[in-house]
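To start, the structure under review is shown below, and the notes come after it.
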Amino acid sequence: MSGPTEPKKGTTITEPLSSVATLGAKVQSTSKAVKIWATLGGLILALQIYVWIRWITGPNFERVPTGPSDPPTFMKVILTVWTAVILLGLPFGMYFFIIRPWLRERRITLDGMLFVACGLMFFQDPLLNYFNTWSTYNTWMFNMGSWVQDVPGWQSYGEPGAMMAEPILMNAPGYSYGVLLCTILGCWVMRKTKQRFPNISTMGLIGVLLVWTFFFDLVIEGLFLMPMGLFTYPGALQEWSINAGTYYQWPLYEGLMWGGVQAGLCSLRYFTDDRGRTIVERGLDQIQGGFVRQQFTRFLAIFAAVSTFFFVGYNLPAQFFALHTDPWPEDIQKRSYFNMGICGEGTDRLCPHPDLPIPFRNSGYIDSNGRLILPDGAELPKIIPFADTDKGN
């Protein structure tokens with residue numbers, strides 16, 4: 001595979017993947033990849049819209065309060081400034097990635113598609129707590145709870161005013177152009193690596209990318225976002241964490257999971273064919289119905305790929321770590337703004353602990369006095385005696 005040629009001014013720099021770039025016209029025209037991916041993207045988008053509508057119109061659209069603990073001044077100042085910067089950057093991101101390319105080319109570029117797809121990927125952000133809460137956000141920041149209790153099959157405990165709380169003013173725009181900028185940076189690393197080692201294989205290039213994304217996530221999350229108090233991993237395995245026992249303990253496997261997601265996004269953007277199309281857009285020329293339908297199909301396919309990277313690379317393995325947690329550090333439990341009202345002082349619930357059964361949303365739980373508290377109207381199941389086979393029962 002040869003290195004990328006010098007692009008024309010204003011174009012996006014990508015690298016053709018040999019298995020894609022050499023596809024003949026006949027293969028391109030008969031592929032159904034874009035239809036399959038677009039169908040998946042449509043189903044995912046419909047689910048997200050359904051859940052968000054239920055959340056906004058239902059009882060769970062309620063702020064999770066900070067609690068009696070007041071975050072330190074440095075934390076409040078940094079979070080306020082950082083949120084303002086993220087919000088102010090959103091219109092610039094929309095102009096740079098969507099409006100300006102449209103004015104120049106009368107179409108939405110791959111980066112424009114990724115801008116929207118990454119923004120919608122924000123839906124999956126709280127799903128790492130699907131079975132058990134092992135990550136929390138700082139509830140001092142503006143929030144209206146989150147949509148998790150309206151996700152089909154959701155198991156972690158929560159109720160209006162006490163649940164996973166998303167800092168929506170920061171995270172919603174942050175996922176759109178923030179993740180995209182990280183993806184563009186990762187593609188730059190891949191391009192520089194290819195220039196330095198022109199004979200490197202595709203798998204070798206992706207391996208370099210995985211190493212880069214791991215350490216990049218360590219710096220961004222472990223050394224910046226977490227110390228400034230944006231979120232925590234209270235249930236992290238401390239033997240596998242940096243700064244273990246503090247509110248900013250960072251599990252090494254977080255870098256592997258999110259690094260894997262970021263590597264997938266970078267690869268999707270970097271490896272394109274000679275027409276600048278990703279592997280999930282194969283067969284796009286088959287789509288009938290005009291320009292708008294074709295571009296919407298293209299977006300749904302890209303959105304499906306982005307969502308799949310997040311779900312498979314992060315949220316699926318995250319469930320294993322959610323079910324195998326360490327005790328929450330005291331440094332987190334003593335700060336009410338990190339507890340989200342689900343456990344600890346001021347509640348009758350103990351915070352998740354490996355010695356305790358995991359309390360699901362509709363199950364009983366162990367209170368602070370060690371008693372089993374059953375849901376209203378529930379009774380302990382009875383033990384049924386074995387049948388006496390000698391009597392034919």
Side-chain angles (χ1 to χ4, degrees), residues 40 43-56 58-62 64 120-139 143-168 171-172 175 179 221 230-237 240 251 253-261 264 304 306-328 332 338-343 349-354 356-365 375:
L40 177 61
L43 293 173
I44 297 173
L45 184 59
L47 173 64
Q48 292 187 193
I49 293 173
Y50 166 76
V51 171
W52 274 333
I53 290 175
R54 287 199 58 181
W55 168 53
I56 294 172
N60 294 312
F61 193 67
E62 179 180 328
V64 175
L120 290 172
M121 188 174 68
F122 165 58
F123 173 85
Q124 291 195 50
D125 182 74
L127 299 190
L128 76 169
N129 290 334
Y130 190 91
F131 289 109
N132 188 28
T133 302
W134 71 285
S135 177
T136 69
Y137 273 106
N138 191 327
T139 55
N143 73 84
M144 293 301 292
S146 69
W147 48 92
V148 293
Q149 299 299 320
D150 295 296
V151 173
W154 184 266
Q155 293 298 312
S156 291
Y157 165 73
E159 59 185 32
M163 66 168 66
M164 183 67 175
E166 281 285 330
I168 195 166
N171 279 7
Y175 261 85
V179 173
E221 285 196 1
L230 175 58
F231 58 89
T232 70
Y233 293 108
L237 298 176
W240 294 90
Y253 44 85
E254 165 66 16
L256 295 175
M257 293 189 299
W258 179 251
V261 175
V306 168
S307 300
T308 300
F309 288 140
F310 199 172
F311 184 75
V312 175
Y314 192 98
N315 277 318
L316 278 184
Q319 305 316 313
F320 172 83
F321 296 108
L323 298 175
H324 299 82
T325 65
D326 271 354
W328 285 26
I332 293 176
F338 283 141
N339 286 11
M340 304 190 305
I342 66 170
C343 66
R349 291 175 174 266
L350 298 172
C351 288
H353 192 285
L356 299 175
I358 296 176
F360 292 144
R361 178 169 60 175
N362 297 316
S363 72
Y365 63 94

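The only member of Val51, Ile49, Ile56 that meets side chain to side chain contact (heavy atoms under 4.5 Å, CB included) when paired with Ile53 is Ile49.
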*Let me see the working for Gln124 and Tyr314 under side chain to side chain contact (heavy atoms under 4.5 Å, CB included), right down to the final yes or no.*
CA-CA 10 Å; Gln124 291 195 50; Tyr314 192 98; over 6 Å; no
_As a quick check of understanding, evaluate side chain to side chain contact (heavy atoms under 4.5 Å, CB included) for Phe231 and Thr136, giving each step before the final call._
CA-CA 6 Å; Phe231 58 89; Thr136 69; over 6 Å; no
_Run Glu166 and Asn171 through side-chain hydrogen bond (donor to acceptor under 3.5 Å, both in side chains) and show every step you take._
CA-CA 7 Å; Glu166 281 285 330; Asn171 279 7; 3.0 Å; yes
*For Phe310 and Tyr175, what are the C-alpha separation, side-chain angles and deciding distance, and is it a side chain to side chain contact (heavy atoms under 4.5 Å, CB included)?*
CA-CA 12 Å; Phe310 199 172; Tyr175 261 85; 3.7 Å; yes
*Yes or no on side chain to side chain contact (heavy atoms under 4.5 Å, CB included) for Asn339 and Ile332, after CA distance, side-chain angles and deciding distance?*
CA-CA 7 Å; Asn339 286 11; Ile332 293 176; 4.1 Å; yes
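The six-membered or imidazole ring of Trp258 lies away from that of Tyr253, with a centre-to-centre distance of 6.0 Å or more. Centroid-to-centroid, the aromatic rings of Trp55 and Phe123 stay 6.0 Å apart or farther.
Contact annotation: the side chain of Pro167 approaches that of Leu230 to within less than 4.5 Å [non-hydrogen atoms, C-beta and beyond].
Contacts classified as side-chain hydrogen bond (donor to acceptor under 3.5 Å, both in side chains) and involving residues 316-326 (residues at least two apart or in different chains) are not found.
Considering every non-hydrogen atom in both Gly161 and Glu62, the closest pair reads CA-OE2, 3.8 Å. The two residues Arg349 and Ile342 have their closest heavy-atom pair at CD-O, 3.5 Å.
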Using atom types as modelled, flag every donor-acceptor pair under 3.5 Å from a side chain in residues 127-134 to any protein atom, sequence neighbours excluded.
from: Asn129; atom 1: OD1; to: Trp134; atom 2: N; distance (Å): 2.9
from: Asn129; atom 1: OD1; to: Ser135; atom 2: N; distance (Å): 3.2
from: Asn129; atom 1: ND2; to: Ser135; atom 2: O; distance (Å): 2.8
from: Tyr130; atom 1: OH; to: Pro152; atom 2: O; distance (Å): 2.8
from: Tyr130; atom 1: OH; to: Gly153; atom 2: O; distance (Å): 2.9
from: Asn132; atom 1: ND2; to: Ala322; atom 2: O; distance (Å): 2.9
from: Trp134; atom 1: NE1; to: Leu128; atom 2: O; distance (Å): 3.1

